[in-house]
Amino acid sequence: MIDCGEQAVRFEVLGPLRVWRGGIAVDPGPLQQRVVIAVLLLHANRLLGREQLIDAVWGDAMPTHAVNLLQRHVSRLRKVVEPDRQVRGPSSQLVWADNGYVLAVADGGLDLEVYESMVARARAARAAGDLAGAVGQLRVASDLWRGPLCDGLRSPFLDAERDRLAERRLDVFEEQLELEVAVGNHREAIGQLSRLTVDHPLRERFWGTLMMALYRSGRQADALQAYRSAQQRIRGDLGVEPTSWLQRLHQRLLVGDPELAPATSPIKLVAPAAKEVPMKPTSGGPSPAQLPHALADFAGREAEIRQLDALLDEDGGLEKGLVIAAITGTAGVGKTSLAVHWAHRIRDRFPDGQLYIDLRGSDPTGPLPPSEAIRHLLHTFGVPPSRWPIDVDQQAAFYRGLLDGRRMLIILENAAHAAQVRPLLPGGPGCLSVVTSRNSMVGLVAVNGAHALNLDLLSAADAREVLVRRLGAQRVAQDLAAVETIIEACAGLPLALSIVAARAATNRLLFLDELARELEGAHGNLDAFDCGDESADVRAAFAYSYRGLRAPTARLFCLLASADPIITVQSAAGLAGQPPALVGKFLAELVRANLVIDRGSGCFVLPVLVRLYARELAAGSDGLDEFCGAPSLTDRFGP
């Protein structure tokens, strides 16, 4: 690394991107040029291949002439970082070498590297017993943050790094505040800890440190109330109790353990995590058993169950390697019901237990970050936060170590995408992972060898069996004509069928012929499938999948409401007035979102109830009109 003199260029990425020369701010250029230098700064003093750089800047939205654009950005950036360089003269700071670029940054010239250096020195001081010195280093390091990483800049790489470093920053905050309490600054830390437990209610180290800070400030009742708040939130969000570490701390506070009072010898709330061997669940304790209850009246899906059974029985099954089943399909098609039903059938083959976690891929609040999911799973094994590695990748490795040599069944429910799932997969044979998702999970199949099972709509026979199981054979047999009308109106969607059956089951005075007439008179809307619960509402289920579409694809989806039942690329292109090659990309996105079914041979189908939803959108202000003022399809995505 080059030395940092007074005129050396300094860079700041912990917040909005800034470039300084000799204490004077330098404009790094327009938005896309800022993205390029930001990516280079996050690879400072390392070679970054040109193709890697292009992918990090543009991802799937790579422009046609990306190489030329990149060369122009780099040329202008050289003028920013080396204004005195002669025209066409060699660059000493932004260098082209081995088909890639190296951005040389002086020692102390990048705030992120200064931050990491201070954190490392703080940990060394703590290990040596110098807690005050460690606190001082961490305070200065924390002050370097002015906001999210490269705030205001967007690219696939920057977005991922922003999330990773936000997690890293929280880990360091945990260490800093623990040390503040340990050295006697407990009163000063209470305000910040209170805010952090509100913003990050599932991070137990914040709760534990807050409890200690309150207790040492003479506020035992408030410390115990903090534990109750943590317990309620963890129970509500994760369905588990706080870890034994936090429970033990609560018990010590409850009895007024004198060892926790302020003392000259600081209390070690969190033991060092380095070089610890992953802790296995004790053989004498109960195995995790987290499967949700299975539906007693589950019906149909016999062919799909046989297909799933074959994953465990053929070619050595689990002994051959990690088995992943990816169950995908449109909203409300019964992915979870099938996954849980099958899991209960085979649970005896997994003596070390079953894990279950909802990844919230279709939750309006956004998917569960992998870091939180890993911490949830570590909770399950009773691993105290004091033993968790700091880095998320290390936490994932620690989790895989817990699973090594065990036979466990892991249900990863409602995944948003493959990247959310990968850190949660076991590392070796013996375990079965079942993933459910509204998206196609092609990446999980291609990269991780998952076995794809895309659920289709129920057949009429299976739909009839569902009603028999829910309402009884006698009631169904009393009015077969009404039953056929109900089955046709539900169009093979298990969620719709379940809602209608629930209405009939909870109101014995509601005759099936009345229900059938209501569905027939619905005039092509989804109101009859609204049960007042958003988690079991057909319209709400479709809405989330729709909101995840890009604007041009959403516009095409609305247009398809008026298309023929069998859709081809050519017919969709004619409807949209756009080139078939472009429209084919949008149809592929709709297939991945499981809003359109690919029947092969270039033919696509919009399921009946999905079509009704598309018609509602097209007819309302939230639908087609929303995109009339948007850029044209070709303007947005090119030919």
Side-chain angles (χ1 to χ4, degrees), residues 1-5 8-20 28 35 37-48 52 56 81 93 101-128 130-151 153 155 157-180 192 196 200 203 205-206 270 272-275 369-371 374 385 388-398 423:
M1 191 178 285
I2 62 177
D3 292 330
C4 187
V9 182
R10 293 188 298 105
F11 304 93
E12 296 178 359
V13 294
L14 301 181
L17 175 68
R18 291 179 180 174
V19 181
W20 302 86
V35 171
I37 194 171
V39 172
L40 287 167
L41 283 168
L42 294 177
H43 295 83
N45 300 301
R46 290 175 288 158
L47 177 68
L48 181 61
Q52 289 177 278
V81 299
Q93 191 152 4
Y101 295 96
V102 178
L103 178 57
V105 177
D107 189 10
L110 176 62
D111 59 352
L112 177 58
E113 291 192 354
V114 174
Y115 173 80
E116 293 292 359
S117 176
M118 286 185 167
V119 170
R121 288 200 293 270
R123 288 176 177 168
R126 181 177 187 177
D130 181 11
L131 302 190
V135 167
Q137 291 284 347
L138 291 178
R139 285 177 182 170
V140 176
S142 295
D143 289 343
L144 292 174
W145 283 85
R146 298 170 291 108
L149 178 78
C150 297
D151 197 12
L153 302 182
S155 86
F157 174 76
L158 291 181
D159 293 345
E161 283 295 285
R162 186 174 296 116
D163 291 341
R164 184 184 71 82
L165 287 170
E167 187 72 20
R168 166 78 167 154
R169 184 186 185 191
L170 287 174
D171 291 335
V172 174
F173 262 144
E174 288 176 335
E175 291 185 68
Q176 178 185 341
L177 290 166
E178 285 168 356
L179 287 169
E180 294 280 8
Q192 190 171 18
L196 287 166
H200 308 281
R203 298 186 76 105
R205 290 175 73 180
F206 284 144
V270 178
K275 298 184 181 179
S371 56
I374 291 171
W388 297 354
I390 295 298
D391 185 79
V392 175
D393 291 337
Q394 293 176 358
Q395 289 177 359
F398 188 92

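Note that this is a predicted model, so its numbers are computed, not measured. Heads up: numbering here begins at 1 and tracks the sequence.
In this structure, Arg169 has no side-chain hydrogen bond (donor to acceptor under 3.5 Å, both in side chains) partners at least two apart in sequence or on a different chain. For Arg18, there are no side-chain hydrogen bond (donor to acceptor under 3.5 Å, both in side chains) partners at least two apart in sequence or on another chain.
Scanning both residues, Ser155 and Ala56, for their nearest heavy atoms gives OG-O, 2.8 Å. Nearest heavy atom pair, residue Leu149 against residue Leu14, reads CD1-CD2, 4.4 Å. When every heavy atom of Ala122 is checked against every heavy atom of Ala134, the shortest pair comes out as O-CB, 3.3 Å. The shortest non-hydrogen separation linking Pro423 to Pro370 is CG-CB, 4.0 Å. Between His43 and Val39, the shortest heavy-atom contact is ND1-O, 2.9 Å. Minimum heavy-atom separation, Ser371 to Gln395: O-OE1, 4.4 Å.
Put simply, the residue from Leu41, Leu112, Val81 that forms a side-chain contact (heavy atoms from CB on, under 4.5 Å) with Val105 is Leu41.
A donor-acceptor pair under 3.5 Å links the side-chain atoms of Ser142 to the main chain of Leu138, judged by distance alone. Within the 3.5 Å criterion, the main-chain N or O of Leu153 finds a donor-acceptor partner in the side chain of Arg162. In this structure, the side chain of Arg146 engages the main chain of Pro16 through a donor-acceptor pair within 3.5 Å. Checking side-chain atoms of Asp111 against main-chain N and O of Val13 turns up a donor-acceptor pair under 3.5 Å.
How far CG of Leu144 is from CD of Glu116: 10.5 Å, rounded to the nearest 0.5 Å. The line from CG of Leu170 to CD of Glu175 is 12.0 Å long, rounded to the nearest 0.5 Å. To the nearest 0.5 angstrom, Arg126 atom CZ is 7.0 Å from Leu131 atom CG. Note that the CD1 atom of Ile37 and the CZ atom of Phe11 stand 5.0 Å from one another [nearest 0.5 Å]. Annotation: the span from Leu179 atom CG to Arg123 atom CZ amounts to 10.5 Å, rounded to 0.5 Å. For the atom pair CZ of Arg46 and CG of Leu103, the computed distance is 11.0 Å after rounding to the nearest 0.5 Å.
Counting heavy atoms from C-beta outward, Gln176 and Val135 have side chains that stay 4.5 Å or more apart. The closest side-chain heavy-atom distance from Gln192 to Phe173 is below 4.5 Å. In this structure the side chain of Leu158 reaches within 4.5 angstrom of the side chain of Leu42, judged on heavy atoms.
Between Arg203 and Asp171 a salt bridge is recorded (basic side-chain N to carboxylate O distance below 4.0 Å). Using a 4.0 Å cut-off between charged nitrogen and carboxylate oxygen, Arg168 and Glu161 do not count as a salt-bridge pair.
Between His200 and Phe206, the angle of the ring planes lies from 30° to 60°, which puts this pair in the tilted group.
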